[in-house]
There are 2 protein chains.
Amino acid sequence: MVKSQTLVLDRTFAALSDPTRRALLARLDEEDSVSISELARPFPVSLPAIMKHLDVLEDAGLITREKTGRTVNCQLIAQPMQEAVAWLNRYERFWNKQLDRLTAFVERDQPPTKKARKK
Amino acid sequence: MVKSQTLVLDRTFAALSDPTRRALLARLDEEDSVSISELARPFPVSLPAIMKHLDVLEDAGLITREKTGRTVNCQLIAQPMQEAVAWLNRYERFWNKQLDRLTAFVERDQPPTKKARKK
DNA sequence: CTAATACTTAACCCGATGGTTAAGTCTCAG
DNA sequence: CTGAGACTTAACCATCGGGTTAAGTATTAG
């Protein structure tokens, strides 16, 4: 069931790379279980376009769909995002380092008595 | 200079959706400032293919290139990743919730303490 | 039963992506 | 000066992604 892990990241990041898809997820974040037509309503694109986005999100394991009568309700699954964050956190020390450098730079300027340097 | 923020996320996530690109970043994580040909060597694709990946990474603001003589050195810029993480963390409570449910399930057999459990 | 509602599927467009090979530029060693 | 090394650019190709319109399938309200 490992499903190549790398493939999971591929699909997760790809799914997140589209603003419409991120907006759909955001909607499912504030209200779980939303029907497809309600999900689609705010967007200026056709329903089939939204369907495709939902397909992508489902393939990435970021949502599930559940049919009830003629309506289909979607809900968010956050776990793949967590894995994405886990991958990204590998670089945390890196941006901390850069932040530290910035902090050091800013703090060095505190006493304005020394000679001014530029750039 | 805001560059639409949403566009930044688009490009960051898109850049991260390719395993070759993630591997390139990983390489730049363990060793900063690596030449293009050295970066390319481990991969079974042509140099121009790697060049295109580097273009994507640069457009996403994830690397910089610096020419020295006839070689070009690349280095990682982690900040866009940090913004990606910031976006993803919006869903943190979501996977915590799911984790809590799991925790509750596991701890069901223990005497229910009224006191707040550990954060 | 009929018709509206809520999706779903199919067929098509077109620009972006990831790869190729081939040729071009620039730099440095000899 | 010449040639090898390190990119860079160009041209091309196949597939994918995001969008469309149009038609099809269930379900359910009347």
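Residue numbers start from 1 in every chain, and the chains themselves are labelled A, B, ... in the order their sequence lines are given, proteins ahead of strands.
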Grab the CG-P distance between A/D55 and C/dA10 for me, whole Å please.
12 Å

In whole Å, what is the span from the CZ atom of B/R65 to the C1' atom of D/dT8?
10 Å

Side chain of B/M51, heavy atoms from C-beta onward: which of D/dA6, D/dT8, C/dA6 has the nearest atom to it?
D/dT8

With respect to B/I63, which candidate in B/V56, B/L25, B/L39, B/I77 satisfies the side chain to side chain contact (heavy atoms under 4.5 Å, CB included) definition?
B/L25

Whether the side chain of B/R21 engages the backbone of B/A15 through a donor-acceptor N/O pair (distance < 3.5 Å, no angle test) should be reported.
yes

Any side-chain to backbone donor/acceptor pair from B/T68 onto B/T71? Under 3.5 Å, distance only.
no

Expressed as a whole number of angstroms, how long is the span from B/E66:CD to D/dA6:P?
18 Å

What is the distance from CD1 of A/I50 to C1' of D/dG17, rounded to the nearest Å?
14 Å

Interatomic distance, A/L54 CG vs C/dT9 C1' [rounded to whole Å]:
15 Å

Do NZ/NE/NH1/NH2 and the carboxylate oxygens of A/D55 and A/R65 come within less than 4.0 Å?
yes

Each nucleotide of nucleotides 16-30 of chain C classed B (base within 4.0 Å of a protein heavy atom), S (only sugar-phosphate) or -, in 5' to 3' order, makes --BBBBB----BS--

Please state how far atom CD1 in A/I36 lies from atom C1' in D/dT27, giving the value in whole angstrom units.
15 Å

Test your reading of the model: is there a side-chain donor-acceptor pair from A/N89 to the backbone of A/E92, 3.5 Å cut-off?
no

Less than 4.0 Å between a side-chain N and a carboxylate O, is that true for A/R93 and B/D29?
yes

For the pair made of CZ in B/R41 and P in D/dG5, what is the distance, rounded to whole Å?
14 Å

